[in-house]
Novice: 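For reference, the structure I am asking about is given below.
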Amino acid sequence: MKNISPLNNIHQLGQYGNFENKNDNELVKIKEIKNIFIYQVVQFKNSPKSELVIDNLVFPDVLQVKTNKEIRILWMGPNNWLVISDKNIKNELDNNFSINDFAVTDISHSRSIIELEGSNAKEVIKKGSPFNIENLAENNCCNTIFNGITITIDNIEQNKNKIRIISLRSFGESLYHSITDACLEFGYKAI
Amino acid sequence: MSQNFRLEKEGLINRSKKISFKFNGKSYFGYEGDTLASALIANGVHLVGRSFKYHRPRGFFGAGVDDPYALVQLIRNNESIPNVKATEQELFEGLEAKSVNCWPNVNFDIGGINNFLRIFLPAGFYYKTFMWPKSFWYKIYEPFIRKAAGFGVVSHEPDKERYEHKYEYCDLLITGSGPSGLASAYSAAKNGAKVILAEDKPRFGGSLLTSDVNIGNESGKEWADKIITELKGMPNVVVKNRAQVFGYYDHNMLVMSERLTEHLPKSDKFTPKQKLWYIRAKEVVISSGSIERPLVFGNNDTPGVLLSSAAKEYMKVYGVLVGKKPIIFTNNDSAYETAIEFKKNGVDPIVLDSRKELSSDLIKEAKSLGINIKFEYVVVNANGYRKVKSADIAKISDDKTTLGKIENIVCDCICVSGFWTPTIHLASQSGGKTKFNEEIDAFIPSESKQNETTVGSANGIFNLQDSLNTSFEAGYNLSKKITNEDNKLSVPTVVEKKNSKHDKFWCVPLPKGKKYKRFLDFQNDVAVSDIEIAIREGYRSIEHVKRYTTLGMATDQGKTSNLNGLQLVSNIENKLVPEVGHTTFRPPYTPVSIGAIVGREVGKHSKPTRKSPMHSWHEKNNAVFVDAGLWLRPRFYKRGNETLFDASKREAENVRKNVGVCDVTTLGKIDVKGPDAAEFLNRVYTNAWLKLPVGKARYGVMLREDGIVMDDGTTTRVSENHYHMTTTTAQAANVLSHLEYYLQIVWPELNVNVVSTTEQWAGAAIAGPKSRELLQKLFPDTDCSNEGLPFMGFIETKLFGVYARIFRISFSGELAYEVNVESDYGNFMWEKIIEIGNEFKIQPYGTEALSTLRIEMGHVAGSELDGRTTPFDTSLDGLLSKKKDFIGKRSMQKEAFISSKREKIVGVVPLDKKTSIPEGSYIVKDANTKLPNPKLGHVSASCWSVEYNNPFSLAIIKDGKNMIGQKLFALSPLKNKSIPVEIVSSHYVDPKGERVRS
Amino acid sequence: MQKYSVFNLIKNAFSGHQNWEVAWKDPTPKKSYDVIIIGGGGHGLATAYYLAKEHNITNVAIIEKGWIGGGNVGRNTTIIRSNFMHDANGRFNEFSMDLWRNMSQELNFNVMFSPRGIINLAHSDAQMNAYARRGNSMRLNGIDAVLLNREEIKKIIPMADFSDDVRFPIFGGLMQPSAGTARHDAVAWGYARQADSMGVDIIQNCEVLGFDVVGGKIKGIRTSRGDIKAKKIGLCVAGSTSILAEKLNMTLPIETHLLQACVSEPVKPLLDHVVTFGAGHFYCSQSDKGEMVMGGDLDGYNSYAQRGNLPTLQHVLTEGIAMFPFLSKLKMLRTWGGIMDMSMDGSPIIDKTHIEGLYLNCGWCYGGFKSTPASGWTFAHTIAQDKVHKLNADYNLNRFSKGYLLDEKGLGTKTWIS
Amino acid sequence: MLYIKCPYCGTRAQTEFAYGGDATVKRPELNKEITDKEWDEFVYLRKSLRGKHLEFWHHISGCRQWFKVQRDTTTHEIFKTLKPHEEL
């Protein structure tokens, strides 16, 4: 196999912790999101401000996520976005955003992504992150910290309690341990 | 053994569930719902341990957190736990506990001898003696004192328990579920607020569990149960028992420790023993209640002397009699409730009331029950050693100075009540001010600093109706601010007994000729006489008194002793209590488990570990790893029983002879993009960057503004506006913040973006004479010749279809290349290099070989760039641009930096060409001169030069350049080595740098 | 002055301890003094003591805003050591050690100096080398130091984490056997008692409101208890230096930060040494009372609040458990904070100033306690002789602009990164 | 734990931030002739005020922006947070 995902060595399918006699929704489901494209798009401070669009998605404002089937655009900071896509859109981005006004950087391989799902997903976050997760609405995101590791939380689907936790790749295994350890009390299922 | 002191039916314990337990090896039983203390008292056991200094017998003085002693060693789940408070520890099947601070046992304790020597051991005695002969303090006296001190025993083994954290946000946090807490919680919750109600004890209700009142048409307890049940059912309310809010920190962050399993025989391995809640509350209601004050008299520390409120709680909550011949000694009405409770349970108490005869609802009721009340009477002294046997009592004069004739009455317990002290710790921790309330002789919160409100008896309100009124109001007003809802509840009416005024009297004078110890602090054995000595000797500030006598510095933090201490000082100094002032309250309110504070970041996970994409390959190939910051890097790859020295020598030799490959993923990488990127680099690096062509790399040095070298690395111009910067592994994060600082704050006019791409790229350094041949095979379609890819050149290409970047840069000083691919492909790249490299005898090499190679080349690294060295010291001054300005340039003119005495980097070779020079040795002129021996400089890095097959070191020494050729000594007294050496150039191998260009 | 001794203790016992004299008096300030020391902390009290003892200057007042010994001398982790790399720091603190060794007898007050040895743990060979550099420097300066390997460390502190479940394994460590601890309050009280007996006025509850400077010369101070004249004034107010400097229109190379410490509940003796964690900022020793005395990191932002914040404590205790897993089973009893003069190179300043007759003693960072005697001794000398002693010659104020820095840690001017 | 309002992301827990020191010291312009004294003032000298203190913080586990905070160094009360180039 040519490519190996960040959590390949640690993400072992199965059920762990207090999983006995619990229904599926009570268990936290954990999944690695891999083979996905991630770009940082930054508009330079002194370049003319205009509405930014890619794939008919307008770049969102503070803490928001704009999304369609394939792409999620996350607000990361002033003039700074993360474009997460199932397909390679480097060329589109390069064409839309001139190098004199924008910095587009492919960081697809520099992140590891964990997806949590289930009624206790937010309780898991509360065990390590001081961020007020209850206030993070669907299609909102935030940068914060979990047991000393910098993360981005992306609220994918409120009613399913489905959230993604994005971290730097090299921290991936430590974060994965920290998250799954926090799941033990509820029981979790690696899928 | 039967429970002689257990009442027939009273109490909230579950009599259907018997629980057997052991104390000091003896078996007893109690009931579910008992504490260890209540169960022991039910069995007639009052002697729990020995005091700190005099090793006097100690019993139960309180019924909960207020108890100043009652510490035992608890065995639970095969763990031996020190300093567990028997009055808080709930009983569970098979519980085992032991007394502490006594030897051989609690009944006969050798340490008790101190009690007879006590007149020689007043406050601060140890400052006045143990000074002769000089060495004896540390060798003889101190070890003896240390052995006598301490309470419980803790083993060396790690903690098997699990502790977790939880971050919560709420509108109102309410600390304590007594009447005022319940009222505020209920009215706030009904008004739509998100409420957290925390109760330290297992049972909710606080004083309502023991006081004889009616709220509406229910008893106080029924009302409490009703409210709690309703609160538990509300979605916007979290109700927690066994949860102590112990700290009030900045910006309304409070911390609560929830005890989840300590009341159970054992816990499953996934349920934490404690959960630490970090609660950010918009508003805080402090309803932590109040603690009864002791009255002070002779030998008032004897087991059997206890707070009257505790006696009442043992009866009403646990159905336990603390004694069958009780004396109630009080200066206020509340103790009458205890007397009445005794009477109701068929025990005849004697009440000694220090006040002139007066009347009130309670006193009337007591009289009507035929309770024997002696007004203007006090307890002078408690007789008995391990347990109260009788009391000396006497009439006391109006002015409370003279005692009448001493009478002796037999008793088995003395229940004291010196009125109530509001628990203001949290209010004070928040930074809020306190004021002294003459009414109640105690401090209450005044203006609050953060968003906190104190209600109920914690605020000095001891009347239930007022307490409920103000608490309902508080809950409503505070919630309204937040929810903007307006649902106000009506306050139930209370039927309670009116209290008459208490007596300010609290300390019984000594009868003529008697030297009874009258204790204030029961754990540290601080008596009235100790405070008197302290003040006599000039330790007059309350802080001096506290520190000199250790008053209130025991594990109970003076909950029952501080205020009496203040009273005493104010009497002696003839100041008002507020003038004496109290010592500051700091978290934690009660001792809190260190394990809980730390949580799950223990053992291997105390810090995160960063790994490269090739990590598992290294593991499979016997890499021995080394910590580089949070990263793990292969230090060497062990073959057979090679030592570190053998392996690194082999690996380094192979690089010089053939070719080696090293994982350099951990080096910091930063993408610098934008129209002003070149200008930016020109300002942050000391050398010139404007003219670097696309496709070329350049070595650069960064300084701090104070002129010290911050970091170095190569940066490559990938395209017109795009640079790929590399940093050292150690400084990667700092450099990024540094760059962001200058871009965002200092030079906002620059259009540049910086982002870390460290983990985007897996990096492999291929070094050695055969590296070009290998590279050509890895990239058949790429021209890897010296012309096609010259030194400091850069190309983008494909590695068997995988996008790759090749940089021709060298840290080893050999012909070398660095190949980068996207991290998912890192392992693929690595295996390809090894596979194809085999024919060139490739070997992976670790950081140890890497440093060997760089050292003999004289390349500086972390051990030279240690945050203290300038470009001059490290021979990097050639890179200081004269033409342009840059960060730190202005500091280059400093006298010390340019002085010739300044240290400079050189090479060091042992004259015998055999003896390795330990790193951290010093270079001196004379090896045998007397100390202090003047140092020329230190050895920063050492290696075994594989080029010349002899030891070689780098050193930074005074006037280095002119030292070259000199014969000096390298000294390492720690390893007692003295090595004759010659100073040579730091560029030991290939000084002209031809290989890298070959 | 009444002598403290076991005989006196017994004698007094029989008179019910009624006849002990005050340890120091409570005088009202005179109109003027030869020397005023501002700050009744350890350093200030020691300075006054050595002015009287070594230089026969007894017309001295100590002006203390609150109660003596209430600053950092009363809120530290009582560690005494001279394990420094820079010659200037080593020399200075070894001189301090010599004064510590005789202090109880000299002051006739048991300060309980206890040379139990300090161990700095190392968690990598690189760190072992850094400690070797420090230790060799100490040895060449005549200071005791030994480098211990993992096995030797294990023999001394078996309760440290030598298991496999460890993030930063112990490689070895540097030990200074003669380092140790002392009873912090006793140091302040002992100096105060002797200074008082030699005629020094200890004036508490007296706040300095301003200075009288005429023609570049110090004339006196304005206080909450009236104006007081003085020929010479020594500033000795760790933590509050910047506040007084402001009243003198001086800006200094220091920042004020908060350092936290805490103690556990007392337990029976199990730790005989002072031990520091190498992969962080934690250190620990066990007091005579049985409490684990634990200290660590700065709160990390400028602070004059003598109250700490929880994240730092959590971070520090995390390292504590990483070093001594058994600590997890103990309870934290007390926490407190002290405010520190963090200097821009981590080393102190004892020097004259541009104002004639005004002397400066500050920048002790979080290491002031161990230096108390030497600081007082050299500061007294600098004030009495109006010139620095060779021991504090390198602790001058202009070393920063000239570049003669004494940076033990190599962290530069980011004082909040400890 | 401090609760700091990042001017870009909103109020967050202290652990997301890194401290950046006195925000009143201004770096001298590049290529500008200045005295040693001016340079030392920038590099070494700090007022270290008790009370209201203007300081830099870096939202390092957030939007990675540097910004200014006006905080009381005795009570830690935060009065105002500003973007780098906003003035009080």
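First the proteins, then the strands, lettered A, B, ... as listed; each starts at 1. What's counted below: heavy atoms across the whole structure, side chains too, no hydrogens, waters or symmetry copies.
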Novice: Could you go step by step and tell me if B/R610 and B/E759 meet the salt bridge (Lys or Arg N to Asp or Glu O under 4.0 Å) rule?
Specialist: CA-CA 10 Å; B/R610 304 179 70 178; B/E759 281 121 317; 3.2 Å; yes
Novice: Using non-hydrogen atoms and a 4.5 Å limit, figure out which bit of A/L184 sits close to chain B: side chain, backbone, both or neither.
Specialist: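 Both parts, backbone and side chain.
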Novice: Sort out for me which of A/Q40, A/E185, A/R169 touches chain B most, counting heavy-atom pairs under 4.5 Å.
Specialist: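 Of the options given, most contacts go to A/R169.
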Novice: What part of B/K604 lies closer than 4.5 angstrom to a heavy atom of chain A: side chain, backbone, both or neither?
Specialist: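 It is neither, since no heavy atom gets under 4.5 Å.
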Novice: If you count heavy-atom pairs within less than 4.5 Å of chain A, which of B/E168, B/R162, B/K275 leads?
Specialist: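 The option with the most such pairs is B/R162.
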Novice: Could you tell me if the side chain of A/I114 sits less than 4.5 Å from the side chain of A/T180, heavy atoms only?
Specialist: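 A/T180 does not reach A/I114 side chain to side chain.
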Novice: Heavy-atom distances under 4.5 Å only: say whether A/F186 touches chain B with side chain, backbone, both or neither.
Specialist: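 When you check distances to chain B, no heavy atom of A/F186 falls under 4.5 Å.
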Novice: Taking everything shown except B/K266 itself, do over 12 heavy atoms lie less than 6.0 Å from its NZ?
Specialist: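 No.
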Novice: Under the side chain to side chain contact (heavy atoms under 4.5 Å, CB included) criterion, do B/T715 and B/T726 qualify, and how do the steps go?
Specialist: CA-CA 6 Å; B/T715 290; B/T726 68; 5.5 Å; no
Novice: Of the listed residues (A/N35, A/V42, A/N46), which shares the most heavy-atom pairs with chain B below a 4.5 Å separation?
Specialist: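 The option with the most such pairs is A/N46.
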Novice: Would A/D154 and A/R72 pass as an ion pair if we require N to O under 4.0 Å?
Specialist: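 Answer for the salt bridge query: yes.
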Novice: So does A/S85 get a backbone contact from the side chain of A/Y39, meaning a donor-acceptor N/O pair under 3.5 Å?
Specialist: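 Checked: no pair found.
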Novice: In Å and rounded to the nearest 0.5 Å, what is the OG1 to CD distance from B/T609 to A/E173?
Specialist: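 B/T609 atom OG1 to A/E173 atom CD measures 9.0 Å (nearest 0.5 Å).
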Novice: With a 4.5 angstrom heavy-atom cut-off, which part of B/N751 approaches chain A: side chain, backbone, both or neither?
Specialist: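 Both parts, heavy atoms under 4.5 Å.
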Novice: Tell me, out of B/E749, B/Q744, B/K673, who's got the most heavy-atom pairs with chain A below 4.5 Å.
Specialist: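 Top option by heavy-atom pairs under 4.5 Å: B/K673.
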Novice: Between A/E32 and A/I113, is there a side-chain heavy-atom distance shorter than 4.5 Å?
Specialist: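 In short, these two side chains do not touch, never coming nearer than 4.5 Å.
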Novice: Could you check whether A/K127 pairs with A/D181 (Lys NZ or Arg NE/NH1/NH2 to Asp/Glu carboxylate O, under 4.0 Å)?
Specialist: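 No, this pair does not count.
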Novice: Quick one: what part of A/S129 sits under 4.5 Å from any heavy atom of chain B, side chain, backbone, both or neither?
Specialist: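 Interface part for A/S129: backbone (N, CA, C, O).
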Novice: Would you mind checking if B/K166 and B/E164 are paired as a salt bridge, meaning a charged N to carboxylate O distance below 4.0 Å?
Specialist: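 No, no charged N to carboxylate O under 4.0 Å.
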Novice: Give, as side chain, backbone, both or neither, the part of B/D676 having an atom under 4.5 angstrom from any heavy atom of chain A.
Specialist: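 Contact with chain A involves no heavy atom of B/D676 at all.
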Novice: Has A/K90 got its NZ or CZ under 6.0 Å from the middle of the six-membered ring of B/Y803, at an angle within 45 degrees of the ring axis?
Specialist: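 No - A/K90 does not lie over the ring of B/Y803 by the 6.0 Å and 45° rule.
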Novice: If we define contacts as heavy-atom pairs under 4.5 Å, which of A/I107, A/V104, A/I125, A/L175 has the most with chain B?
Specialist: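 Option with the top pair count is A/I107.
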Novice: Side chain, backbone, both or neither: which part of B/V752 has a heavy atom under 4.5 Å from chain A?
Specialist: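 Interface part for B/V752: backbone (N, CA, C, O).
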Novice: Shorter than 4.5 Å, heavy atoms on both sides: which option in A/I133, A/D106, A/N9 has the most such pairs with chain B?
Specialist: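 Highest number of pairs under 4.5 Å: A/D106.
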Novice: With only heavy atoms counted, which part of B/T757 is less than 4.5 Å from chain A, the side chain, the backbone, both or neither?
Specialist: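 Only the side chain of B/T757 comes within 4.5 Å of chain A.
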Novice: Considering only heavy atoms, which portion of B/H605 lies under 4.5 Å from any heavy atom of chain A: side chain, backbone, both, or neither?
Specialist: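 When you check distances to chain A, only side chain atoms of B/H605 fall under 4.5 Å.
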Novice: Please classify the contact of A/E123 with chain B as side chain, backbone, both or neither, using a heavy-atom distance under 4.5 Å.
Specialist: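 Just its side chain gets close to chain B.
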Novice: At a heavy-atom separation under 4.5 Å, does B/L743 approach chain A through its side chain, its backbone, both, or neither?
Specialist: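 Both backbone and side chain.
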Novice: Let me know if B/W277 has heavy atoms under 4.5 Å from chain A in its side chain, its backbone, both or neither.
Specialist: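 No part of it gets close to chain A.
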Novice: In terms of heavy-atom proximity below 4.5 Å to chain A, should B/N721 be classed as side chain, backbone, both, or neither?
Specialist: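 Side chain only.
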Novice: Would you call the rings of A/F97 and A/F102 parallel, tilted or perpendicular, where under 30° means parallel and over 60° means perpendicular?
Specialist: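 Tilted, since the angle between the ring planes falls between 30° and 60°.
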Novice: Test side chain to side chain contact (heavy atoms under 4.5 Å, CB included) on A/I179 and A/I165 and set out the steps.
Specialist: CA-CA 10 Å; A/I179 293 282; A/I165 306 168; 3.5 Å; yes
Novice: Could you check which of B/M829, B/E822, B/E720 has the highest count of heavy-atom pairs closer than 4.5 Å to chain A?
Specialist: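 The residue among B/M829, B/E822, B/E720 with the greatest pair count is B/E822.
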Novice: Give the member of B/T758, B/V755, B/T665, B/N827 that has the highest number of heavy-atom pairs under 4.5 Å with chain A.
Specialist: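 If we count pairs closer than 4.5 Å to chain A, B/V755 comes out on top.
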Novice: Which atoms of B/Y169 are under 4.5 Å from chain A, going by heavy atoms: the side chain, the backbone, both sets, or neither?
Specialist: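 Side chain of B/Y169 only, per the 4.5 Å heavy-atom cut-off to chain A.
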Novice: Drop me the distance from A/L82's CG to A/N80's CG, to the nearest 0.5 angstrom.
Specialist: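 CG of A/N80 is found 8.0 Å from CG of A/L82.
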Novice: Which answer fits B/R280, side chain, backbone, both or neither, if we ask what part of it has an atom under 4.5 Å from a heavy atom of chain A?
Specialist: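 The answer is neither part of B/R280.
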